[in-house]
Protein chains: 2
Amino acid sequence: MTTMKDVAKLAKVSDATVSRVFSDPDAVSDKTKQIVLDAADELNYELNVLARNLRKMKTEIIMVILPDISNPFFSKIVRGIESVAMENNYKILLGDTKNDLVLEKEYLKNLDQKYADGVISLTARIDSKLIREISEKYNMVLACEYIDEASVPTVSIDNVEGAYKATKHLINLGHKRIAHISGPKNVILSQDRLKGYKKALSDHNIKIDGDLINEGDFGYKSGYKNMSKLLKLDKAPTAVFADSDQMAIGAIKAIKSHGLKVPDDFAVVGFDNIEIASIYEPSLTTVCQPMYEIGVKAMQLLLDILEKKERENIKIKLESKLIIRDSCGYKNN
Amino acid sequence: MTTMKDVAKLAKVSDATVSRVFSDPDAVSDKTKQIVLDAADELNYELNVLARNLRKMKTEIIMVILPDISNPFFSKIVRGIESVAMENNYKILLGDTKNDLVLEKEYLKNLDQKYADGVISLTARIDSKLIREISEKYNMVLACEYIDEASVPTVSIDNVEGAYKATKHLINLGHKRIAHISGPKNVILSQDRLKGYKKALSDHNIKIDGDLINEGDFGYKSGYKNMSKLLKLDKAPTAVFADSDQMAIGAIKAIKSHGLKVPDDFAVVGFDNIEIASIYEPSLTTVCQPMYEIGVKAMQLLLDILEKKERENIKIKLESKLIIRDSCGYKNN
DNA sequence: CTGTTAGCGCATTCAG
DNA sequence: CTGAATGCGCTAACAG
């Protein structure tokens, strides 16, 4: 293996100068720079990042913790993160928790060992006290999910508002019995969306019926199962608002199996606007989260924190938007 | 920051002993081990991975290079990789090339800098000579895609055979004019699937018609566009075999827009068996690739290479399977 | 602008 | 089983 020493010897300069050529080129005269570069080239020299990491006590690696990388919602966010990370010479270490709280904690511990300079977590299901502690000790940004603690920098949409828009849309179309398939109840964003759903109903003088509220897990199957249950109700709903597009699509499948047509007999609204939402038939009316942008902003925020070395208790709220497609039908239709 | 030195001082042992407690516990007596552990605990000591990495000249990080992490096909493979990696204390560094050859090369260069101990590449579009070179110099496994060079360890299915099965299925259902929407032609697996498609036709005395063969890029939109073209042909096809489920779904959408029904008027076969294939309506007949298993095997193979320090020119072939669902109809229907 | 000096925190010899 | 000594390859102070 060739080291800076070797290059220095060949170029007849000190190894400090070689180091400067690679880490702070402007500090070296053009002439010696060229000599060093040539020597490095001749020896096929490559910088050893390991040594630099130790010396600088940083890795230029960001850990991204998420529940499931094969969920398109999360992977889109990751792409946003990666694009900004790359521009700034950071790399992404993947922490797929498989929805496992133990793993979530374990990944967070990697920070202690200096594996990564910071974390972006797309999940926050471990107790919020622990998250706050970690965010105080290390460089951390929470995205999508968030916790009540004021001190953790967060990038997300307003979930109450998003759910409100979705529900109101169904109300405007004339629906009175509107079901809700929520995400896991221990996740705060599910709680918020439930709030938005309830508020929309209340605001329009529709009584909230607990039977119409089911808890899912964001996946296709859970949408199917929960919708099947809802359809068996004595007073079955005529519309459903699901907390993810995948559950919405699962729900549509259940509705079709039940012999009903979407949107003719039943209206469905999803959440997220993942790619398949526009491809599926009927195409899905859904609350669009700017996934890529969430990733971008989260990484930018983390970079700020990394550079200023001070945590800023920033909460960035991005806009969600109701995208109207075919799964609800249209007024006066 | 607390170091081994601090722990050593508190425990009244040498720092070498502290090191042994964490890297080779059996080499230390139970008694001193306990003393050290207690001291470490008291000081909240955490091993500094950076220093260890430099000393051992390894990172326990594997880089995974792929075209697009938000493509469910790749992200499923990543999950397989990660599960094995984790068991063996390796971490995954993400290298999303965005289908960009320049990035593909750039990521590969990270190996030179010792960012990662090895690579698993799910893409091989840069020239094969370079890939062979890299694989000879470093620890590398190719998965899914592969190149002709005999020397690169590879995990994949038999694409010729998979395509053959798909095409033959359509032939068995009575179709004579069978279109093919292929992946990018510069990718060897596309070439292989084209071979399988052609062979199936030839074996059943159906003339190959170049007009029926279109090149796509694996995405939804490209399936839609290519199918739209095919439907405008004077002698339009009655069935299509697409190189990805996403293109197949795009094709179905085009067929429906054209006023035809799937499977009644038109049969469609996809490739991969991603999750949406079974959810979409009509559910998709497709060639199933064992994505998770590909990831698992690829990581296992890489571990072998890493441990034995010798490249083994292994080609692992996994089974593909035709999954029959609703998008082609059924015989005597 | 460049060289000298001194470690970063750990793992590995080699003695004992 | 344990300690002392050494250096992985690089960067950062400090002089000059």
Side-chain angles (χ1 to χ4, degrees), chain A residues 1-40 43-61 89 109-117 309, chain B residues 1-40 43-61 89 109-117 309:
Chain A
M1 169 188 282
T2 34
T3 71
M4 284 190 174
K5 226 178 201 162
D6 304 321
V7 177
K9 198 184 287 176
L10 182 60
K12 293 191 171 51
V13 296
S14 74
D15 36 350
T17 299
V18 178
S19 171
R20 286 189 195 104
V21 169
F22 291 103
S23 58
D24 185 15
D26 293 337
V28 183
S29 78
D30 284 351
K31 204 178 117 203
T32 43
K33 193 177 350 190
Q34 198 50 55
I35 297 174
V36 169
L37 252 20
D38 288 346
L43 297 175
N44 259 311
Y45 170 73
E46 288 283 345
L47 181 72
N48 186 319
V49 178
L50 265 40
R52 178 159 45 118
N53 284 351
L54 174 59
R55 189 55 239 250
K56 301 180 91 161
M57 217 47 107
K58 52 182 298 214
T59 59
E60 306 206 303
I61 286 178
N89 257 308
K109 254 190 71 177
N110 286 334
L111 287 187
D112 277 321
Q113 309 185 148
K114 306 244 173 293
Y115 255 115
D117 296 342
K309 302 267 181 191
Chain B
M1 168 188 283
T2 33
T3 70
M4 283 189 173
K5 224 175 200 165
D6 303 322
V7 177
K9 198 184 287 177
L10 182 61
K12 294 191 170 53
V13 297
S14 73
D15 36 351
T17 299
V18 178
S19 172
R20 286 189 194 103
V21 169
F22 291 104
S23 57
D24 184 16
D26 292 338
V28 183
S29 78
D30 284 351
K31 203 177 121 203
T32 43
K33 193 176 353 190
Q34 198 50 54
I35 296 173
V36 169
L37 253 19
D38 288 346
L43 296 176
N44 259 313
Y45 170 73
E46 287 283 346
L47 181 71
N48 186 319
V49 178
L50 264 40
R52 175 154 52 100
N53 284 351
L54 174 60
R55 189 55 239 253
K56 302 181 88 162
M57 217 47 106
K58 51 182 296 213
T59 59
E60 306 206 305
I61 286 179
N89 257 308
K109 255 190 70 177
N110 286 335
L111 286 187
D112 277 322
Q113 310 185 147
K114 308 242 172 295
Y115 255 115
D117 296 342
K309 301 267 182 190

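The basis for the numbers below is simple: all heavy atoms, side chains too, and nothing from hydrogens, waters or symmetry mates.
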Open item on the list: Just N and O in the side chain of A:Ser14: are any of them under 4.0 Å from OP1 or OP2 of C:dG3?
Closed with: yes
TODO: For A:Leu50 and D:dC8, give me the distance from atom CG to atom P, rounded to whole Å.
DONE: 14 Å
Task: Any N/O donor-acceptor pair, A:Arg55 side-chain to C:dG9 base, under 3.5 Å - done: no
Open item on the list: By the 4.0 Å heavy-atom rule, please label A:Ser29 as base, sugar-phosphate, or nothing.
Closed with: sugar-phosphate
Open item on the list: Let's see if you can work this out: which of D:dC10, D:dA13, D:dT2 has an atom nearest to the side-chain heavy atoms of A:Arg20?
Closed with: D:dA13
Open item on the list: Would you say that A:Asp24 contacts A:Phe22 through its side chain, given a criterion of any heavy-atom pair below 4.5 Å between the two side chains?
Closed with: no
Task: Heavy-atom neighbours of B:Lys9 NZ exceed 12 at 6.0 Å - done: no
Task: Nearest-neighbour nucleotide for the A:Ala16 side chain, D:dA12, C:dT2, D:dC10 considered - done: D:dA12
TODO: Select from A:Val28 and B:Phe22 the residue whose nearest nucleotide in DNA chain C is closer to the 5' end of that strand.
DONE: A:Val28
- [ ] Mind calculating the distance between NZ (B:Lys9) and C1' (D:dA4) to the nearest angstrom?
- [x] 17 Å
Open item on the list: Under 4.0 Å, heavy atoms only, any strand: does B:Ser19 hit a base, just the sugar-phosphate, or nothing?
Closed with: base
- [ ] Looking only at side-chain atoms of A:Thr32, point me to the closest of D:dT11, D:dG9, C:dC1.
- [x] C:dC1
Open item on the list: I need the CG-P distance between A:Asp26 and C:dC1, as an integer number of Å.
Closed with: 9 Å
Task: Atom-pair distance (CZ on A:Arg52; P on D:dA12), nearest Å - done: 10 Å
- [ ] Select base, sugar-phosphate, or nothing to describe what A:Val18 touches, counting heavy atoms under 4.0 Å on all strands.
- [x] nothing
Task: B:Gln34 and B:Asp30 side chains, donor-acceptor separation under 3.5 Å - done: no
- [ ] Report yes if at least one side-chain N or O of A:Ser23 is closer than 4.0 Å to OP1 or OP2 of D:dC10; otherwise report no.
- [x] no
- [ ] Work out which heavy atom in B:Lys114 is nearest to a heavy atom in B:Thr59; give both atom names and the distance.
- [x] O-CG2, 3.2 Å
Open item on the list: I need the minimum non-hydrogen distance between B:Arg20 and B:Ala27, along with the two atoms involved.
Closed with: CD-CB, 4.3 Å
Task: Nearest-neighbour nucleotide for the A:Lys56 side chain, C:dT13, D:dA12, D:dC10 considered - done: D:dA12
Task: Rounded distance in Å - NZ (A:Lys114) to C1' (C:dG9) - done: 11 Å
Task: Euclidean distance, atom CE of residue A:Met4 to atom P of C:dG7 [Å, nearest integer] - done: 20 Å
Open item on the list: Quick check on C:dG3: is either OP1 or OP2 less than 4.0 Å from any side-chain nitrogen or oxygen of A:Thr17?
Closed with: yes
TODO: Specify the separation, in whole Å, of atom CG of A:Asp6 and atom P of D:dC8.
DONE: 11 Å
TODO: Would you mind reading off the distance between A:Asp15 atom CG and D:dT11 atom C1', rounded to a whole angstrom?
DONE: 10 Å
